[in-house]
Amino acid sequence: MSQRRVAITGLGLVSPYGGDLADFFGRLLAGESAVRFLQTEDIPRPLAMPFVSCPAFDAEASLGRPLAGTMDRFAQLGTAAAFSAWADAGLACGQPAENGENRERWGVSWGTALGGTLAYEKGYKELWIKGRERISPLSVILGMNNAANAHISIQLGLGGVSMSHTVACASSAIAIGEAFRRVRSGEAPVMLTGGSDVPQAYGVARAWEALRVLASGDEKTAPRACRPFSADRDGLVLGEGGAALVLEDWEHAVARGARIHGELIGYGTTCDHSHLVRPEAAGQVRALHLALADGGLSPADIDYVNAHGTATAEGDPVEIAALKTVFGDAAGRLAVSGTKSMHGHQLGAAGAVEAIVTVLALREQAIPPTAHLAELDPACAGVDHVTAARHGQPLRAALSNSFAFGGSNAVLAFRAVAP
């Protein structure tokens with residue numbers, strides 16, 4: 001089959017700010033942090049850490065009580081984001097028989113690092129703390145990692161592939177890349193893709209805390225807790241979220257008069273094959289080169305990079321070193337920002353959130369900043385760090401990086417399209 005162009009016709013997310021896509025991107029451009037101080041009522045020791053929640057999200061209002069009741073929160077966030085992207089693409093909800101479409105080859109590719117961890121944790125609490133002998137009969141379907149993509153496929157009548165990818169922090173970037181390949185090859189005319197995660201399960205949060213990579217903070221300082229590339233950074237900030245994109249065969253999109261937000265043109269994925277948690281520049285370099293080659297791009301074509309930028313001591317300098325290797329003498333003019341400084345790290349959903357940020361940057365010709373970057377770590381120098389929003393930028397193409405534990409790397413390449 002000849003390769004098809006891949007249009008991005010739908011974008012959807014559950015925003016931690018509580019508004020729509022325009023509001024979300026506007027707040028990022030303003031450098032506004034969604035990080036707050038999370039304090040739970042867990043006994044004997046509550047969680048107390050900077051965190052990004054989606055407090056305005058009402059699953060029953062978004063999905064209806066019967067459907068929401070069959071889902072863990074990660075699937076609720078994911079399905080809500082998917083429905084939003086679907087509506088944004090101008091596609092009809094409900095079963096295809098209702099609108100005459102043949103969706104037998106349309107599919108879903110979803111990313112999640114944790115799946116329904118909250119459902120399993122609830123079961124443990126029921127058994128061990130409350131002393132109950134049974135847990136909900138829905139526990140298995142609530143907790144399974146493929147719950148989000150399964151619900152999305154069922155609700156929208158998508159008869160093609162329905163799969164989930166669990167690749168730590170690269171989960172949804174890889175899900176998007178694999179969906180891209182299916183549309184480009186002609187296997188699927190439409191793919192709904194993205195990711196969702198909810199890392200505030202007590203055991204999950206404590207595990208990250210034990211790894212000593214979480215940022216410190218309190219009620220007052222939490223909004224500035226995540227400071228990628230900063231000399232005083234002290235770790236990442238976890239967050240919950242769901243984000244989705246509709247990828248569509250270009251000719252199919254044009255034929256139905258769809259609005260095209262941007263074009264996905266390249267995807268590269270590699271493994272460092274060296275260490276479970278210590279990143280390696282060489283593996284990231286190979287992923288960057290593969291994404292560029294896949295998209296028929298040269299480094300000179302790239303005007304912006306949305307960095308993985310977690311604000312960890314080891315991760316940030318390695319990513320900058322990889323960019324400097326790939327972009328060479330031009331790296332100093334390469335605009336780079338880490339938007340996790342504002343929306344936090346949604347683990348398996350982060351790649352999808354940042355893919356949307358990158359598409360919106362190209363569409364709006366505006367670059368969101370790395371917030372709170374007052375003093376650059378010398379080890380992160382060598383690129384053009386964006387510390388305040390840049391409007392009216394001539395952006396042609398951009399990359400979105402996702403570099404995960406396990407050494408799994410994914411880079412997505414996007415191109416701007418004329419309005």
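Each residue takes its place number in the sequence, starting with 1.
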Sub-4.5 Å side-chain heavy-atom contact between V35 and F51: no
Audit row: R184, D294, salt bridge (Lys or Arg N to Asp or Glu O under 4.0 Å) steps and yes/no: CA-CA 11 Å; R184 186 173 61 174; D294 194 44; 3.1 Å; yes
Other residues, nucleotides, ligands: >12 heavy atoms within 6.0 Å of R278 CZ: no
Backbone of T221 reached by a side-chain donor or acceptor of D218 within 3.5 Å: yes
Under 3.5 Å: donor-acceptor pair, side chain of D197, backbone of P199: no
Side chains of S164 and N145, donor plus acceptor under 3.5 Å: no
D329 atom CG, neighbour heavy-atom count above 12 within 6.0 Å: no
Side chain to side chain donor-acceptor pair (under 3.5 Å) assessment of E240 paired with Q346: CA-CA 5 Å; E240 66 173 1; Q346 291 82 14; over 6 Å; no
E60 atom CD, over 12 foreign heavy atoms within 6.0 Å: yes
More than 12 heavy atoms from other groups under 6.0 Å of CZ on R333: no
H308 and D316: side chain donor to acceptor below 3.5 Å: no
Under 3.5 Å side-chain donor-acceptor pair for Q393 and Y304: no
Residues, nucleotides or ligands: over 12 heavy atoms within 6.0 Å of E32 CD: yes
Aromatic ring pairing W106/H252, orientation class (parallel under 30°, perpendicular over 60°, tilted between): perpendicular
Pair listing, ring-ring contact (aromatic ring centres under 6.0 Å, His included) test, anchored in residues 350-402, at least two apart: F229-H385
Side-chain donor or acceptor of R5 paired with backbone N/O of D249 under 3.5 Å: no
Audit row: T9, E248, side chain to side chain donor-acceptor pair (under 3.5 Å) steps and yes/no: CA-CA 7 Å; T9 55; E248 189 169 349; 2.9 Å; yes
Contact check, side chains of W110 and S196, non-hydrogen atoms, under 4.5 Å: yes
Short side-chain to backbone donor-acceptor contact, S408 and A404, under 3.5 Å: no
Exercise: do S274 and D272 side chains pair donor with acceptor under 3.5 Å: no
Nearest heavy-atom neighbours spanning F37 and P50: CD1-N, 4.0 Å
Side-chain (E121) to main-chain (A201) donor-acceptor, under 3.5 angstrom: no
